[in-house]
Amino acid sequence: MSRKNDDTELTVYTEEQAKKIEEHIEHYFGEIRSCFNEKKSDTIKLSINVIPPTRKNPYYTLVTSGMGAYVMNVPENLKEEKYERAELVICLPPDWNFENESMEYYWPLQLLDIISRLPIKQNVWLGWGHTIDYGTGFADNVPFSGIILVLSTFGKESCTCDISDDETVNFYQVVPIFKTELDFKNKNGASALLGMFPDNDNSLKITDPDRNCYVPDNFREILDTVRKHSSKITKKGLDILEINGANHISAFLRWSWENNLINDEFAEYFAEDIQQIKDGKYDIRKFLINSLNGELTTEIYTDDGKEFCEWYYDHYSDNYEYCYPHDVDSMALDYFGEEKYNCDEFQDEAYLFVPFDEAYYEAISKYIDRAYMEFLTKDIIDSYNNHASKIEEKKLKIDKINAVNHIAVFLMWCIEHKLVNRNFMKLYNQHKKEIETGSLDIRNFITEHLSGLLPIFIFNRKGEDFARFYYSFTCEPPSYPDDVDKMALAYFGEKKYNSKRFKDEAYLFVPFDENYITAMNECIDRAYADFCYFRKHGKLPD
């Protein structure tokens, strides 16, 4: 174990431990030529060992010694992993000027000093993937504002040093990062951030203040990039074309515009390209690469589309049941079968080998359709199935389409009063003439084109507020479901309303005609007047 220095009460290594640390550093990192030793401390005795550039390692390597004497407060469930002790490594360009004491060159030393004492001052532990946000740059001309810790980049054996039979010191590389990179890590995790670094050891090893940020400023808008997948093809030498990295992204893009989730600006700007793609004259993958720079971003989506993408197209989601990248893999598994899916030829990238054709699109569309339906039902005001099931279970002698009567009236009223959004109106207008001429029953429109659902996402902001205010099965009367029942009572009279034939579902038996629509519209009118009053005076219920 480490010991306390009798004179200063510092937490320091024993002589034997210190010797093992020094030998470990010189064996794996290089010969120590100089050392920065602090003159005064009340916690640990920290040394920063300097290993100058060599032909093999043409950069400065700084390694701490002394931080690991302190036993960090590691969570109980990780005690057996021996993460309690740590030392730090940082590499700097070969022209680094250590004789210059300005912050332009001094900040790495200060950084190592601060990090080394953090576990003591804040009673925390540091390990792989942990980040520290400093809020501002380390110096005026240094763009980094945080760091991430990774395992030593000098080989697997360099990462740990056993200082006794049951005590191990871990060596972590300090990687300075930009604010955008830190934000990306906080959103997507350490592995995701490290995956953004170029595929070479030096990108994580050598700290270069002049390097570019590896995460784009608009990373929150980027759903996927072709480069991310095509790079696997080149890196692993897969026997397929690089364009296959665009397969699943292109399929999702096509599904998106076929389901009216792409915004008008995009659709209008690329109208000719989209038509060529529909005519089979232009490979959608080439369009994605040539016109969208190989990136699928949320900026081309409607508000509803953005919400769906953020819910479903998430590479770092824990919800594998509804996760597009996971579904892409599942489709490949279904296509190849388990044995071939796991074959050496595919190198864990079977999804890139599925032929990109119409069958591919049809197969992946089934997964997207399933997810989209789940997404829609997350916030549903009412559903045809909720009421049709009563007709079936109670064996009511009426047509099942009656289950959507009251839903249809509410929807028509909201359309007339401009409470639905533009995206829905685009869909509705495609069938408007049929509905107005009577060749398409509005109720059939709902069952066929809205899957029998009345989802909140089809409304504009005011419509959404009104629907939540009035169309509720749980709020106190007056509410729309309550008014639907009251109208049935008024239509049939109390005796017939409570007859055995209706089995407590009289509202389903009211004929769907002009009288029904007029009566329900009057109820909605009254509720809307109340809603507008309360909204104007800021008295809408939470």
Side-chain angles (χ1 to χ4, degrees), residues 13 17 20-30 32 46-51 56-75 77-92 108 111-119 124-133 144 146-164 166-178 181-182 184-186 188-208 211 214-215 235 316:
Y13 287 124
Q17 290 172 340
K20 287 184 177 181
I21 291 294
E22 182 179 346
E23 290 175 347
H24 181 87
I25 292 173
E26 294 214 315
H27 181 75
Y28 292 106
F29 300 99
I32 300 171
L46 185 70
S47 297
I48 300 176
N49 303 289
V50 180
I51 300 161
K56 179 182 178 182
N57 297 323
Y59 42 79
Y60 278 102
T61 303
L62 276 58
V63 188
T64 63
S65 177
M67 176 184 176
Y70 176 78
V71 178
M72 295 184 289
N73 185 21
V74 174
N77 63 320
L78 294 176
K79 293 286 187 183
E80 295 182 4
E81 303 296 333
K82 299 183 179 180
Y83 291 150
E84 291 91 348
R85 299 176 185 270
E87 297 289 355
L88 306 174
V89 183
I90 191 170
C91 297
L92 302 169
L111 189 64
L112 293 176
D113 183 74
I114 293 172
I115 299 172
S116 295
R117 286 172 166 72
L118 193 65
V124 295
W125 74 287
L126 296 175
W128 181 90
H130 289 186
T131 50
I132 302 172
D133 182 0
F144 307 120
I147 63 99
I148 184 170
L149 296 181
V150 301
L151 296 178
S152 162
T153 60
F154 286 76
K156 184 177 180 181
E157 292 183 350
S158 73
C159 297
T160 56
C161 174
D162 293 329
I163 56 174
S164 70
D166 59 351
E167 293 176 302
T168 297
V169 176
N170 300 276
F171 284 77
Y172 297 108
Q173 194 96 17
V174 176
V175 182
I177 55 177
F178 292 83
E181 292 171 337
L182 183 65
F184 182 88
K185 183 267 180 182
N186 290 337
N188 301 307
S191 295
L193 172 60
L194 298 179
M196 300 296 287
F197 278 65
D199 295 328
N200 63 72
D201 293 337
N202 287 341
S203 65
L204 285 173
K205 178 174 286 186
I206 303 174
T207 295
D208 180 6
R211 77 166 173 88
Y214 296 135
V215 173
K235 185 177 180 181
Y316 314 108

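Residue numbers count from 1 along this sequence.
Distance alone, capped at 3.5 Å, places no donor-acceptor pair between the Glu84 side chain and the Val74 backbone. The closest donor-acceptor contact from the side chain of Arg85 to the backbone of Gly68 lies under 3.5 Å.
For Gly127 against Leu149, the heavy-atom pair with the smallest separation is O-CB, 3.6 Å. Looking at every heavy atom in both residues, Thr64 comes nearest to Asn49 through C-ND2, 4.1 Å. Closest approach of Cys161 and Phe171 over heavy atoms only: CB-CE1, 3.8 Å.
Remark: Leu193 CG to Lys185 NZ distance equals 8.5 Å, nearest 0.5 Å.
Take His130 and apply the ring pair (Phe, Tyr, Trp, His ring centres under 6.0 Å) test, not counting sequence neighbours, and it matches Trp125. Scored by the side-chain hydrogen bond (donor to acceptor under 3.5 Å, both in side chains) test, Asn186 finds no partners at all (sequence neighbours excluded). With sequence neighbours excluded, the residues that form a ring pair (Phe, Tyr, Trp, His ring centres under 6.0 Å) with Phe144 are Phe178.
Donor-acceptor pairing under 3.5 Å is recorded for the side chains of Glu157 and Tyr28. A donor atom on one side chain and an acceptor atom on the other are not found under 3.5 Å apart for Asn170 and Thr160. Donor-acceptor pairing under 3.5 Å is recorded for the side chains of Ser152 and Ser158.
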